[in-house]
Amino acid sequence: MGKLIILNHPLIDHKMAIIRNKNTDTKTFRHLVNEVGGLITYEITRGLSLKEVDVVTPITKTVCKTLSKDVIIVPILRAGLGMVDGIQMLIPTAKVGHVGMYRDEKTLEPVEYYAKFPKEITTGTVLVVDPMLATGGSASAAITAVKERGAIDITYVGIVGCPEGVKRLNNDHPDVDIYLAAMDEKLNETGYIVPGLGDCGDRLFGTK
Ligand code: PRP
Ligand code: URA
């Protein structure tokens, strides 16, 4: 079974209070979603493997360490895009693949409409990112999509989750660890997370 890690950090909690507030404007919302994405990534990347490299400093030769594997960020469109800049601030060499999913409003089942991944997807550390883990359908389908292209080392990075989504992801992809900034109470009858933050894509892109 994959690990479930809920980040517990005063800065994340503080930013989450602003993100959740319905009166927060689009620019601030987008900025904070990116920042929280970065803070979560700082924790996730603690376990990345390193290789030794020779470096010449202004003083002498020495041996340093650099990341030994590629990191591939795979945002689930649209809302996952809102976390990419924050993650790339910390890992500027990360490559980005894209997977487009939307939820059918009646069935709540995900529909894939776009997929493009870098070739390193088969050997790198893949971070599938989407702020909202609601039914878990989109995340599960996106992870299936990267596995079909040969990805093996996969982590899910979200902001707000709920028990229903975690259960689905654990069930469908027990090999995938789940990182979240907050674990909320439940889903409502229309598939929104409670208390949640509303429709993340709409709040990021100002489409409502
Ligand atoms: C939202 C969100 C997730 C998905 C989560 O996307 O960004 O991708 O719902 O729900 P699930 O866990 O029940 O699948 P949405 O379908 O609204 O598309 P959008 O990001 O393009 O707005
Ligand atoms: N997608 C969102 O953007 N918000 C939710 O609460 C659930 C799914």
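Below, each value reflects all heavy atoms present in this structure, side chains not excepted, and no hydrogens, waters or symmetry copies.
The side-chain hydrogen bond (donor to acceptor under 3.5 Å, both in side chains) test applied to T45 returns no partner, not counting sequence neighbours. By the side-chain contact (heavy atoms from CB on, under 4.5 Å) test, T107 pairs with D104, E109, sequence neighbours left out. For D25, the side-chain contact (heavy atoms from CB on, under 4.5 Å) partners two or more places apart in sequence, or in a different chain, are K27, T28. Listed by chain and residue number, R78, D199, T207, K208 satisfy the side-chain contact (heavy atoms from CB on, under 4.5 Å) test with D202 (two or more places apart in sequence, or in another chain). Taking S49 as the reference, S68 meet the side-chain hydrogen bond (donor to acceptor under 3.5 Å, both in side chains) condition, with sequence neighbours excluded. Among residues two or more places apart in sequence or in another chain, the side-chain contact (heavy atoms from CB on, under 4.5 Å) test is passed with H14 by I18. Scored by the side-chain hydrogen bond (donor to acceptor under 3.5 Å, both in side chains) test, T26 finds no partners at all (sequence neighbours excluded). For the side-chain hydrogen bond (donor to acceptor under 3.5 Å, both in side chains) test, residues two or more places apart in sequence or in another chain that qualify with N188 are T190.
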- Going through the distances and angles, do R203 and L197 end up as a side chain to side chain contact (heavy atoms under 4.5 Å, CB included)? CA-CA 9 Å; R203 295 193 66 189; L197 50 76; 4.0 Å; yes
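To the nearest 0.5 angstrom, I72 atom CD1 is 11.0 Å from F117 atom CZ. Considering OG1 of T93 and CG of L67, their distance stands at 6.0 Å, rounded to 0.5 Å. One distance of note links CD1 of I19 with CE of M16; it measures 5.0 Å at 0.5 Å rounding. The distance from the CG atom of L11 to the CG atom of L39 is 6.5 Å, given to the nearest 0.5 Å. Here the straight-line distance linking atom CG of N21 with atom CZ of F29 works out to 11.0 Å at 0.5 Å rounding. Taken from CD1 in I178 to CG in L4, the straight-line distance is 5.5 Å, to the nearest 0.5 Å.
Counting heavy atoms from C-beta outward, I73 and Q88 have side chains that approach closer than 4.5 Å. Side-chain contact between V33 and I159: present, with at least one pair of heavy atoms (C-beta onward) separated by less than 4.5 Å. Considering only heavy atoms from C-beta on, M183 comes within 4.5 Å of L180 through its side chain. Side chains of K186 and E164 form a contact here, defined as non-hydrogen atoms less than 4.5 Å apart. For the pair D184/R20, a side-chain contact is recorded, criterion being any heavy-atom separation below 4.5 Å from C-beta on. Using a 4.5 Å heavy-atom threshold, the side chains of H98 and I76 count as separate. Residues P75 and M83 are not in side-chain contact: their nearest non-hydrogen atoms beyond the backbone lie 4.5 Å or more apart.
Note on V84: it clusters hydrophobically with F205, by side-chain heavy-atom contacts below 4.5 Å among ILVMFWY residues. In the hydrophobic clustering of ILVMFWY residues, with side-chain heavy atoms under 4.5 Å counting as a link, V157 and V96 come out together. Taken together through direct or relayed side-chain contacts under 4.5 Å among Ile, Leu, Val, Met, Phe, Trp and Tyr, V176 and M101 form part of one hydrophobic cluster. Residue L187 is grouped with residue Y102 when hydrophobic side chains (ILVMFWY) are merged at heavy-atom distances under 4.5 angstrom, including chains of intermediate members. Both L90 and L127 are part of a single hydrophobic cluster, where members link through side-chain heavy atoms under 4.5 Å apart.
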Could you list the donor-acceptor pairs under 3.5 angstrom formed between side-chain atoms of residues 129-147 and any protein atom two or more places apart in sequence or on another chain?
from	atom 1	to	atom 2	distance (Å)
D130	OD1	M132	N	3.1
T135	OG1	G137	N	3.1
S140	OG	D172	OD2	2.7
S140	OG	H173	NE2	3.4
T144	OG1	S140	O	3.0
T144	OG1	H173	NE2	3.3
K147	NZ	H173	ND1	2.9
K147	NZ	D175	OD1	2.9
K147	NZ	D175	OD2	3.2

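Among all heavy-atom pairs drawn from V36 and A181, the shortest one is CG1-CB, 3.8 Å. Closest approach of L77 to G100, counting heavy atoms only: CB-CA, 3.8 Å.
Here the options are I152, V126, I154, the test is side chain to side chain contact (heavy atoms under 4.5 Å, CB included), and the partner is I121; only V126 passes.
Residue pairs meeting the side-chain hydrogen bond (donor to acceptor under 3.5 Å, both in side chains) criterion with at least one member in residues 2-13: none, sequence neighbours excluded. Listed by first and then second residue, the salt bridge (charged side-chain N to carboxylate O under 4.0 Å, His left out) pairs involving residues 29-42 are K15-E35 (not counting sequence neighbours). Note on residues 113-127: pairs passing side-chain hydrogen bond (donor to acceptor under 3.5 Å, both in side chains), not counting sequence neighbours, are T125-D153.
For D70 (side chain) and G124 (main-chain N/O), no donor-acceptor pair under 3.5 Å exists by modelled atom type. In this structure, the side chain of D177 does not engage the main chain of G2 through any donor-acceptor pair within 3.5 Å.
Applying the 6.0 Å contact sphere to NZ of K69 captures more than 12 heavy atoms from other residues, nucleotides or ligands.
Taking a cutoff of 4.0 Å between a charged side-chain nitrogen and a carboxylate oxygen, E43 and R46 qualify as a salt bridge.
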